[in-house]
Amino acid sequence: MEFVQPKYNRGQIDRSGDAIITNPEALEFFNFLVDPKFEKARAIVENWRSSHAYPMQIIRNNLVNRARKYDNHAIVAQRLKRFSSIADKLLREPHMKLSQMQDIGGCRAIVSTAKQVESVVKFHLDAWTKNPHRHELHRFKDYISSPKRSGYRSVHLIYKFKSANSDHMAHNGQRIEIQIRSRMQHIWATAVEIVGAFTN
């Protein structure tokens, strides 16, 4: 599989993100396809989005190995954030720059028990301590010890991808989010998302 490389600098990426915020009509993805004034911004946003696939795949592979070390039935998934979701997030958080958005590429591990969540998280934290020159652990959020008001519980780890391979160094610094949760925590999170969709 051939992965997309990021082709634009951070300034171009951020200006394209700003275009989403400052032009309400641009929020409809269709307008990016048919209106020439949005064509360049759309191309830059799509390239930046798609270019997260490679670091996401590498970090997902690590997550699979670590999650299944403690639970043979662990479910591990990955996804690139949709264009519309990127636009919505930039609108909700207007001070955020697109180049700094931390969950364009996301991976999730669902294990059977809360104890297994603790073990997988500890494995990740220990691995970073032993080899800090690998992908940088940029941020750690423990929503299990401190749940959100909705009752949402999960552990989030934000990594900055790092590679010494010249073929992949263009991806260095791209942020990938990992979520680790138990099956029960996942059921609750899914229920909250469904209710949120109906209640806006």
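All values reported here derive from a predicted model rather than from experimental measurement.
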May I ask you to check whether over 12 heavy atoms, not counting those of Arg82, lie within 6.0 Å of atom CZ? no
Quick one: does any side-chain atom of Ser16 pair with a main-chain N or O of Ile44 as donor and acceptor, under 3.5 Å? no
From Leu157 CG over to His135 NE2, what is the distance, rounded to the nearest 0.5 angstrom? 13.0 Å
Can you name the nearest heavy-atom pair linking Arg153 to Gly151, along with the distance? NH1-O, 3.1 Å
Would you call His52 and Leu80 a side-chain contact if the rule is heavy atoms closer than 4.5 Å? yes
Between CE on residue Met101 and NZ on residue Lys97, distance to nearest 0.5 Å: 11.5 Å
If I take atom CZ from residue Phe140 and atom OH from residue Tyr159, how far apart are they, to the nearest 0.5 angstrom? 9.5 Å
Taking all non-hydrogen atoms of both residues into account, name the closest pair between Ser99 and Arg10 and its distance. CB-CD, 3.6 Å
Passes side chain to side chain contact (heavy atoms under 4.5 Å, CB included), Gln185 versus Tyr143? Steps please. CA-CA 11 Å; Gln185 289 161 353; Tyr143 293 117; over 6 Å; no
What residues, two or more places apart in sequence or in another chain, satisfy salt bridge (charged side-chain N to carboxylate O under 4.0 Å, His left out) together with Lys162? none
If you take all heavy atoms of Gln5 and Ser51, which pair is closest and at what distance? C-CB, 3.8 Å
I need the Met169 CE to Ser163 OG distance, nearest 0.5 Å. 7.5 Å
Less than 4.5 Å apart, side chain to side chain, heavy atoms only: is that true for Ile178 and Val155? no
For residues 115-124, pull every pair meeting salt bridge (charged side-chain N to carboxylate O under 4.0 Å, His left out), keeping only residues two or more places apart or in separate chains. Lys115-Glu118, Lys122-Asp126
Cys107 and Met56, any side-chain heavy atoms less than 4.5 Å apart: yes
Contacts of Glu193 that satisfy salt bridge (charged side-chain N to carboxylate O under 4.0 Å, His left out) - sequence neighbours left out: none
With distance as the sole test, does Gln116 use its side chain to make a donor-acceptor pair with the main-chain N or O of Ser112 at under 3.5 Å? yes
Heavy atoms of Val111 and Ala74 approach each other most closely as CG1-CB, 3.9 Å
SB check Asp103 Lys89 (cutoff 4.0 Å): yes
With ring-ring contact (aromatic ring centres under 6.0 Å, His included) as the rule and sequence neighbours excluded, what pairs involving residues 54-80 come up? Phe3-Tyr54, Tyr54-Phe161, Tyr54-His168, Tyr54-His171
Verify side chain to side chain contact (heavy atoms under 4.5 Å, CB included) between Gln174 and Lys160, making sure each step is shown before the conclusion. CA-CA 5 Å; Gln174 288 186 308; Lys160 284 185 178 180; over 6 Å; no
Do you know which two heavy atoms are closest between Asp142 and Ile144, and how far apart they sit? OD1-N, 2.9 Å
Determine whether the side chains of Arg181 and Tyr152 contain a donor N or O and an acceptor N or O closer than 3.5 Å. yes
Does Arg49 come within less than 4.0 Å of Glu46, counting only side-chain N to carboxylate O? yes
Quick one: do Leu91 and Val45 end up in the same hydrophobic cluster if we chain Ile, Leu, Val, Met, Phe, Trp and Tyr together by side-chain heavy atoms under 4.5 Å apart? yes
Does one hydrophobic cluster hold both Ile158 and Ile180, with members joined at side-chain heavy-atom distances below 4.5 Å? no
Under 3.5 Å, is there a donor on one side chain and an acceptor on the other for Gln102 and Arg139? yes
Would you please name every residue forming a salt bridge (charged side-chain N to carboxylate O under 4.0 Å, His left out) with Asp14, sequence neighbours left out? none
State whether the side chain of Arg108 and the backbone N or O of Gly106 hold a donor-acceptor pair below 3.5 Å, judged by distance alone. no
Spell out, yes or no, whether Ile110 and Leu63 are grouped together once hydrophobic residues are joined by side-chain heavy atoms under 4.5 Å, including indirect joins. no
Atom pair CZ/CD of Arg60 and Gln78 - distance to nearest 0.5 Å: 5.0 Å
In terms of hydrophobic clustering (I, L, V, M, F, W, Y; side-chain heavy atoms under 4.5 Å; direct or indirect links), are Ile13 and Met96 co-clustered? yes
Applying side chain to side chain contact (heavy atoms under 4.5 Å, CB included) to Thr113 and Asp71, what does each step give before you reach the verdict? CA-CA 9 Å; Thr113 68; Asp71 182 357; over 6 Å; no
Any donor-acceptor pair under 3.5 Å from Glu93 side chain to Leu90 backbone: no
Which value, rounded to the nearest 0.5 Å, describes the distance between Trp48 atom CH2 and Lys7 atom NZ? 14.0 Å
Looking at Lys69, I want to see if its NZ is surrounded by more than 12 non-hydrogen atoms of other residues, nucleotides or ligands under 6.0 Å. no
Do Val76 and Ile187 sit in the same hydrophobic cluster, where Ile, Leu, Val, Met, Phe, Trp and Tyr count as joined when their side-chain heavy atoms come under 4.5 Å apart? no
Scan for ring-ring contact (aromatic ring centres under 6.0 Å, His included) pairs involving residues 88-127, sequence neighbours excluded, and state none if there are none. none
Looking at Trp188, I want to see if its CH2 is surrounded by more than 12 non-hydrogen atoms of other residues, nucleotides or ligands under 6.0 Å. no
